[in-house]
Each structure stands twice: as structure tokens, then as C-alpha cells.
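Every chain is numbered from 1, with letters handed out A, B, ... down the list of sequences.
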2 protein chains.
Amino acid sequence: MTTARSEQSRRVDYSESTRNALVDSAVTLFTDNGYAATSLDAVARGARVTKGALYHHFSGKQALFEAAFDAVESAVSARLVQVVTGPGGAWERAMEGVRGYVNVCLEPSYQRIVIHEGPVVMGWDRWREAEDRFSFGLVRATLEALIEAGEIEALPVETTARVLFGALSTGATIIAGAPDPERAGAEVLLTIERVLVGMRAAGPR
Amino acid sequence: MTTARSEQSRRVDYSESTRNALVDSAVTLFTDNGYAATSLDAVARGARVTKGALYHHFSGKQALFEAAFDAVESAVSARLVQVVTGPGGAWERAMEGVRGYVNVCLEPSYQRIVIHEGPVVMGWDRWREAEDRFSFGLVRATLEALIEAGEIEALPVETTARVLFGALSTGATIIAGAPDPERAGAEVLLTIERVLVGMRAAGPR
DNA sequence: GTTTGCGGCATACCGCCGGTATGGAGCACA
DNA sequence: TGTGCTCCATACCGGCGGTATGCCGCAAAC
């Protein structure tokens, strides 16, 4: 790692590092205090720079939020892809994906920045676009795989995937806010599984 | 209606009227521009008063939002109760309730204030409490009725109701944002119905 | 009818925060 | 060694949530 990045000049190294520090600081503060209650001065302080640096790298508070959003989503998606593309049949991989996604939703950063504040801060349309490239895209792909494998009967993929995605994130929110997360997690998984099994319908295997 | 309210003094009539005007103005502006982009001066102007009046009736912006929230929810709940307590068996009433709720979710005020910004502005815990007294309470009660009538097999009511509620509101959001709401509405209803039918499971009738 | 109290609201003002304008420091390239 | 451009700091502005203060008029007390 010491001699890496030798391709680019030292100057852009510094710049990248500053930008990353700003994003990290933003993720932390947005997660802890929410978008509205987080001041840009605080974000800059957390990255040990001033607002001038922040406005050099980002056009404004919204753009900073979107950068934080992308950072969280990228990390999460990378992990989920591993789970969903593992060994086993389509059904097993899907169920494994459900478990994996619920786990992801338990992380405070994902829950607050991506699920809760994302649609409000970015606007629902833009949030929807962004989601297509990340975790929702995975849910949709998994559902398509299930249909292609004949595990569940054909249905409007886009709509079903959206509704399922909503059910999943809602479930994860329940778990995170429950007094007994262990128990709540089991119940949520059972509920989602029951829904999927119900869709298995006519001739599953 | 002319001689109504004769019990209370003219002064409190004025006060109530002012308060209602503020809430109405808040509902309109929060719906159109969202919480963050709505200034209290604008709300006051919309009610043809000043910020002094606003702060006399409400402790701050959050309290004003909650008043708007309650106003929207009250109107909606009243309508939904009519639908759910209509004639017919438990299953029919439930399906009718689903259709009714999806319709409710199509109203911009309900969608933006209650579903989208509510959890963010009020905080998820407080939003959850408030919801118990309104539309979520209805979903839960309907689900309980279904179980009691033996239409679907027993399951953890609270969790299932929450997940179902999430699926419903997500579905409504899809419809509202779809290029062809007619078609999207049909698909969402079909999806939710299929989920519920899947739960009907073992031996309903 | 006069006085007194107080609820209902307007006006003026403060501090914080998002955003902008400006300038300086240092690397790259000629 | 100039020259330009990237990267960032400093200083400042305007808007908005929130507060302090005071007036106006109804209503009860006498």
C-alpha cells in the first residue's frame, strides 16, 4: 500500500483523501443526528478542514448527502452480491439474500441515510433511480431469477420487487426499533418467508 | 350552523378559527414543498396572520407539523373506518380495506406528510406511536379480524401488520409515481392480493 | 359603567446555518 | 523562473427558526 497510487500526482492524492474524509464525516454525522440537524461546519470540522474545502468538492449540502448515500450503498451492495451469487439453487440463494438484506438494514447508516432520509432529502424520484443501481437492483434481479427458475409463478416483476423491497426495509426498521431485536428478527423473517412461500403457489418443484 | 357554537365565547371562536387556518395552511405548504422548504412566515401568510399568532398556538415548527399530521390522519381514518366496518364477511371487508387504503395513499397530503416525511420529521418512534391511533391501527385490527374469522392462519400479528403496512404504503407510493397510475394501481392490488391469498393457506374455505 | 385581568396576536430582534465571494498557497508545465 | 490552475481558508451575506416584548380588546368582577 505504501507505493501504491504512484500513477497520480501527490496533489490529487491529497485531494482524494480530503474528499474521503469529508464523506466519512458526513456519513457519521448524518447517521447520528440526521440531515437537518447536521451543520456543514460540523462535517468540515470532523474532516479537519473548513467549509471552503467542502464547497470545493461538493456543490452543496444535498450533493454531500448523495455522496454519503453512494458510499453507504456501495459498501452494502458489495457484501450482498457475495451472498446472492453464492452456491445453491435459486430458492436458497433468494432466502439467503433475504436474511442478508435484513442484516444490512440493521446497520444504522444504511437505515437512516438510505432507507429513511434518502427519499425525503433526495426526492423520491431521484432516490428511486439511485436505488436501481444498488440494493433494490439486487432484489429485483433475485426475484427475476426465482421466476426464471420456475420457483414462483410469473408476475409483474417491477411492481412486485418494489413492494417486496418495501416490506423488507419496513421489516428491518421494525427489528431495529424493537425492544427484543432477536425475537423481532425471527418474526420478520418468518413473515417474509411465509409471503414468499405463499407465492410459490401452483407447482414449485 | 348559524347559531351553533353558542356555548363558547366569540373570542375562542376566533382563536379556533385562526388555529384551523394555520393548520390548513401548513398542510398545503408541507404537501407542496415539504417540511424543510416551508418557512413559518409562509405558513403564517397563508393563514393571513403573523408568526406571533403561530407561536401562540404552537410551540414550534415540529408541533405545527404534528398538528398537520393529525389533521390529515383524522380525515383519512374517518373514511377508512366506514369502509372496513361495512357489510360482508371478514375477507371481503379486508380486501375492500386494502383498496380503500391504496386510494387514501394516493392523496398527496397523506403520502408526503404521513408516509414520507412523518418518520423523518417526528422521529420514527413518535411516528409509530401516532400511527397506532390512526391508519396502522386499522390495518392491524383488520388483520386480527381475519385471523379470528379463521380466514388466515395465526401468526405474529404486530409484526405481520407492520410489514403489510409497509408493503401497502410502498405500493401506493409506486402508484403515485408511476407514468401510468391506472395500470400500476391494478398491478399493486394484484400483488397485495396474491400475498394475502398466499397467507390464506391451509384450509380457509 | 368602570376597572382589571388576561388571552390573542403583532412587531422587532437575535443567532445559527447554508451559500457565496475573494484571496492566497503550492504544484505542474512551459 | 514565470504562469496558470487546483485546492482550500477567510470573511461575509441573507434567510429562517425562535424569543422578547408590548398592545388591543373581550369578559368577568364590582
Side-chain angles (χ1 to χ4, degrees), chain A residues 5-30 32-69 113 117 120-123, chain B residues 5-30 32-69 113 117 120-123:
Chain A
R5 302 166 180 269
S6 56
E7 288 309 323
Q8 42 191 2
S9 79
R10 164 164 263 94
R11 195 178 170 110
V12 307
D13 273 4
Y14 289 160
S15 180
E16 268 184 25
S17 171
T18 302
R19 198 195 129 98
N20 289 334
L22 282 167
V23 172
D24 284 351
S25 175
V27 168
T28 302
L29 291 174
F30 285 155
D32 290 347
N33 311 322
Y35 180 79
T38 298
S39 79
L40 295 184
D41 283 306
V43 173
R45 268 204 317 276
R48 295 181 307 168
V49 291
T50 67
K51 226 163 43 173
L54 197 156
Y55 271 93
H56 176 75
H57 286 284
F58 305 97
S59 61
K61 197 179 184 182
Q62 284 224 16
L64 176 65
F65 180 86
E66 295 197 17
F69 177 95
I113 295 179
E117 304 213 324
V120 176
V121 173
M122 303 166 65
Chain B
R5 301 168 182 266
S6 57
E7 288 308 324
Q8 42 191 1
S9 78
R10 163 165 263 94
R11 196 177 170 116
V12 308
D13 273 3
Y14 290 158
S15 179
E16 268 184 25
S17 170
T18 303
R19 197 195 130 99
N20 288 334
L22 283 166
V23 172
D24 285 351
S25 174
V27 168
T28 302
L29 291 174
F30 284 154
D32 291 347
N33 312 322
Y35 180 80
T38 298
S39 78
L40 295 185
D41 283 306
V43 173
R45 268 203 317 276
R48 294 181 308 170
V49 290
T50 66
K51 225 163 43 171
L54 198 157
Y55 271 93
H56 175 75
H57 286 283
F58 305 98
S59 62
K61 197 179 185 182
Q62 284 225 14
L64 176 65
F65 180 86
E66 297 198 17
F69 178 95
I113 295 179
E117 303 213 322
V120 176
V121 174
M122 302 167 64

Distance check, rounded to the nearest 0.5 Å: [X] atom [atom1] versus [Y] atom [atom2]?
{"X": "A:Arg19", "Y": "A:His56", "atom1": "CZ", "atom2": "NE2", "result": "10.5 Å"}
{"X": "B:Asn33", "Y": "B:Thr38", "atom1": "CG", "atom2": "OG1", "result": "4.5 Å"}
{"X": "B:Met122", "Y": "B:Phe65", "atom1": "CE", "atom2": "CZ", "result": "7.0 Å"}
{"X": "B:Phe69", "Y": "B:Ile113", "atom1": "CZ", "atom2": "CD1", "result": "9.5 Å"}

Practice problem: Not counting sequence neighbours, which residues clear side-chain contact (heavy atoms from CB on, under 4.5 Å) with B:Ala53? List them please. | Solution: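 Partners of B:Ala53 by the side-chain contact (heavy atoms from CB on, under 4.5 Å) criterion, ordered by chain and then number, come out as B:Val49.
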
Self-check item: Closest non-hydrogen atom pair, A:Ala68 against A:Val27
Solution: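 Shortest heavy-atom contact: CB-CG2, 3.7 Å.
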
Quiz item: Which atoms form the tightest heavy-atom contact between A:Leu64 and A:Val43, and what is the distance?
Solution: CD2-CG1, 3.9 Å

Quiz prompt | Side-chain heavy atoms of A:Arg48 within contact of A:Ser25, under 4.5 Å | solution =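 No - every pair of side-chain heavy atoms lies 4.5 Å or more apart.
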
Self-check item: Close residues, residues 36-46 of chain B, relative to DNA chain D [heavy-atom separation under 4.0 Å]
Solution: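 Correct list: B:Thr38, B:Ser39, B:Leu40.
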
Exercise. Could you list by number each residue of residues 48-65 of chain A showing a heavy-atom separation from DNA chain D of less than 4.0 Å, or answer none if no residue does?
Key: A:Val49, A:Thr50, A:Gly52, A:Ala53, A:His56, A:His57

Quiz prompt | Length of the CG-P vector between B:Leu29 and D:dG17, whole Å | solution = 11 Å

Quiz prompt | Nearest-angstrom distance from the residue atom CG of B:Asn20 to C1' of C:dG8 | solution = 15 Å

